[in-house]
Amino acid sequence: MSIYDYKVKDGNGKDVALSDYKGKVLLIVNTATGCGFTPQYEGLQDLYEKYADKGFEILDFPCNQFAGQAPGTDEEIASFCTGRYGVTFQQFHKICVNGADTDPLYTFLKSQAGGIAGGNIKWNFTKFLVDRDGNVVARYAPTKTPKALESEIVKLL
């Protein structure tokens, strides 16, 4: 399987084929609106504005599995993100990243990038960097800021 074999739901519940992103560098992030890392939305938006025209995309997957820090509907989350941080990158349907209900995309991402605790996501704002060929090239902890990823993203662009 390749990352391009997966489909996900956007914030309106419509299917989106990840094959639509072939040839782009992707940063895939599980996010939350009420987390200590939530201000990273600002840095993510900065990266997106800087590199979107060079083939960079951010795929934002809200997740409420960590201390209930992503409450609300997809619409409420999107409204918060656009209103507070000016987010213009793609936001998707709220998902689970661990446990029995893990979204298949995240099962794949974790299997490709590994990590501690059997690959489980430890917290909100874990980031996966995917190259233009669909290879997961890195996994970053929530503490790694978007700005700190910039040089890695530029190398792939």
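Values reported hereafter were calculated over all heavy atoms of this structure, with side chains retained and with hydrogens, waters and symmetry mates removed.
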Got [X] and [Y] here, is their nearest side-chain heavy-atom distance under 4.5 Å?
X    : Y    : result
F128 : K110 : yes
F37  : T145 : no
K122 : F66  : no
F80  : V87  : no
I77  : T73  : no
L149 : L129 : no
K9   : D15  : yes
C96  : Y106 : no

When rounded to the nearest 0.5 angstrom, what distance separates [atom1] in [X] from [atom2] in [Y]?
X    : Y    : atom1 : atom2 : answer
D133 : Y4   : CG    : OH    : 6.5 Å
T102 : I121 : OG1   : CD1   : 9.0 Å
T31  : Q91  : OG1   : CD    : 6.5 Å
E76  : C81  : CD    : SG    : 12.0 Å
E49  : F89  : CD    : CZ    : 10.0 Å

Run the side-chain hydrogen bond (donor to acceptor under 3.5 Å, both in side chains) test against [X] and tell me which residues pass, sequence neighbours left out.
X    : answer
Q90  : none
N64  : none
N135 : D131
Q40  : K127

Considering non-hydrogen atoms only, spot the tightest contact between [X] and [Y] and give its length.
X    : Y    : answer
R132 : L156 : NE-O, 3.6 Å
P146 : G43  : CB-C, 3.6 Å
I58  : L44  : CD1-O, 3.1 Å
D60  : P62  : O-CD, 3.5 Å
I95  : V97  : CD1-CG1, 3.9 Å
R139 : N120 : NH2-O, 2.8 Å

[X]: partners by salt bridge (Lys or Arg N to Asp or Glu O under 4.0 Å), with sequence neighbours left out:
X    : result
K50  : E150
K155 : E152
D101 : none
K144 : none

- Task: Could you walk me through whether K94 and C63 pass the side-chain contact (heavy atoms from CB on, under 4.5 Å) test, one step at a time?
- Result: CA-CA 5 Å; K94 192 185 314 186; C63 177; 5.5 Å; no
- Item | From CA spacing to verdict: side chain to side chain donor-acceptor pair (under 3.5 Å), Q69, T33 | CA-CA 6 Å; Q69 294 181 341; T33 54; over 6 Å; no
- Could K147 and D46 be called an ion pair, given the rule that one side-chain N must be under 4.0 Å from one carboxylate O?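 A salt bridge is absent here (no side-chain N lies under 4.0 Å from a carboxylate O).
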- Item | Side-chain (N12) to main-chain (K14) donor-acceptor, under 3.5 angstrom | no
- Query: Is there a donor-acceptor pair under 3.5 Å between the side chain of S79 and the backbone N or O of E75?
  - Reply: no
- Message: For a side-chain contact (heavy atoms from CB on, under 4.5 Å) check, start with the C-alpha distance between Q45 and Y85, then their side-chain angles and the critical distance, and finish with the verdict.
- Response: CA-CA 8 Å; Q45 181 62 30; Y85 294 103; 5.7 Å; no
Could you tell me which residues satisfy ring pair (Phe, Tyr, Trp, His ring centres under 6.0 Å) with [X], sequence neighbours excluded, listed by chain and number?
X    : result
F108 : Y6
F56  : none
F125 : Y41

Distance-only check: which donor-acceptor pairs under 3.5 Å involve side-chain atoms of residues 20-30, not counting sequence neighbours?
unit_1: N30; atom_1: OD1; unit_2: T126; atom_2: N; d: 3.2
unit_1: N30; atom_1: ND2; unit_2: W123; atom_2: O; d: 3.3

